[in-house]
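In what follows, residues are counted from 1 in the order of the sequence shown.
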Amino acid sequence: IIVPRNISLTSQFPAFKKTVQEMLELLGAVKLAVQLRIPQMEDGNNFGVEIQEGALGEVVKGEETAFGMLDNIAKYYVTRAKLATKVQKYPHIEDYKYCLSALDSSEFLDMRLNWIELRNTYACLHDLLVKNEDK
């Protein structure tokens, strides 16, 4: 038995990876720009510094989310390969076939939610930076 890959799902991965990598590059540039604009902390009015540190925290959170998304793709392939091996080894057990299908469905939903999360991260970061551009 040959277990075919899920082309409708895996065909999305290259574009998604490229988008995430572009986001990581952008987040890295924004992170550097914010870090370079943080003045030395002084006694008294450090409100602008606090806002910049908050923005930096959001950038780091976005980076962590993006790295997690890339990691999940690799985990999907490993998990699917293990299940496909079991489908080949035990073709008479229907649960393995069902489990493989359920994994693909779950990953398809995760991929959709990841695209939405990317959009939301861009929107929140843009909003934060525009509102606090002068700080």
**Report entry** Reported CG-to-CD distance for the pair Leu125 and Glu58, which is rounded to 0.5 angstrom
**Finding:** 8.0 Å
Query raised in the report: Do Leu113 and Trp115 belong to the same hydrophobic cluster, where Ile, Leu, Val, Met, Phe, Trp and Tyr are linked whenever their side-chain heavy atoms lie under 4.5 Å apart, directly or via other members?
Result: no
Report summary line: Shortest non-hydrogen pair, Arg80 vs Asp104, comes out as NE-OD1, 2.8 Å
Query raised in the report: What pair of heavy atoms forms the shortest contact from Leu128 to Ala55, and how long is it?
Result: CD2-CA, 3.3 Å
Query - Cluster overlap Val87 with Ile93, hydrophobic side-chain contacts below 4.5 Å - result: yes
Query raised in the report: Taking C-beta and beyond as the side chain, do Lys75 and Val78 meet within less than 4.5 Å on heavy atoms?
Result: no
**Report entry** Nearest heavy atoms of Ala84 and Leu100, plus distance in Å
**Finding:** N-CD1, 4.2 Å
**Report entry** Same cluster (ILVMFWY, side-chain, under 4.5 Å), Tyr122 and Val60
**Finding:** no
Requested in this report: Please round to the nearest 0.5 Å and tell me the distance separating atom CD of Glu22 and atom CD of Glu25.
Outcome: 7.0 Å
Query raised in the report: Taking it one step at a time, do Phe108 and Tyr76 satisfy ring pair (Phe, Tyr, Trp, His ring centres under 6.0 Å)?
Result: CA-CA 11 Å; Phe108 197 83; Tyr76 163 76; over 10 Å; no
Report task. Please check if atom OH in Tyr77 has more than 12 non-hydrogen atoms from other residues, nucleotides or ligands closer than 6.0 Å. Result -> yes
Query raised in the report: Could you go step by step and tell me if Thr19 and Leu118 meet the side chain to side chain contact (heavy atoms under 4.5 Å, CB included) rule?
Result: CA-CA 9 Å; Thr19 303; Leu118 284 175; 4.0 Å; yes
**Report entry** Nearest-0.5 Å distance that lies between atom CG in Leu70 and atom CZ in Phe13
**Finding:** 11.0 Å
Requested in this report: Determine, stepwise, if the pair Lys82 / Thr85 fulfils side chain to side chain contact (heavy atoms under 4.5 Å, CB included).
Outcome: CA-CA 5 Å; Lys82 288 178 183 177; Thr85 301; 5.7 Å; no
Requested in this report: Could you grab the distance from atom CG of Asp110 to atom CD1 of Ile73, nearest 0.5 Å is fine?
Outcome: 10.5 Å
Report task. Mark yes when over 12 heavy atoms from residues, nucleotides or ligands other than Arg112 sit less than 6.0 Å from its CZ; otherwise mark no. Result -> no
Requested in this report: Apply the test salt bridge (Lys or Arg N to Asp or Glu O under 4.0 Å) to residues Glu64 and Lys61: give CA-CA distance (whole Å), side-chain angles for both, the deciding distance (0.1 Å), then the verdict.
Outcome: CA-CA 5 Å; Glu64 290 170 357; Lys61 187 174 119 182; over 6 Å; no
Requested in this report: Following the transitive rule for hydrophobic clusters with a side-chain heavy-atom cut-off under 4.5 Å over Ile, Leu, Val, Met, Phe, Trp and Tyr, establish whether Met23 and Leu32 coincide in one cluster.
Outcome: no
Report summary line: Interatomic distance, OG1@Thr10 vs CD@Glu107, rounded to 0.5 Å, equals 10.5 Å
**Report entry** Straight-line distance of Glu94 CD to Ser101 OG, nearest 0.5 Å
**Finding:** 11.5 Å
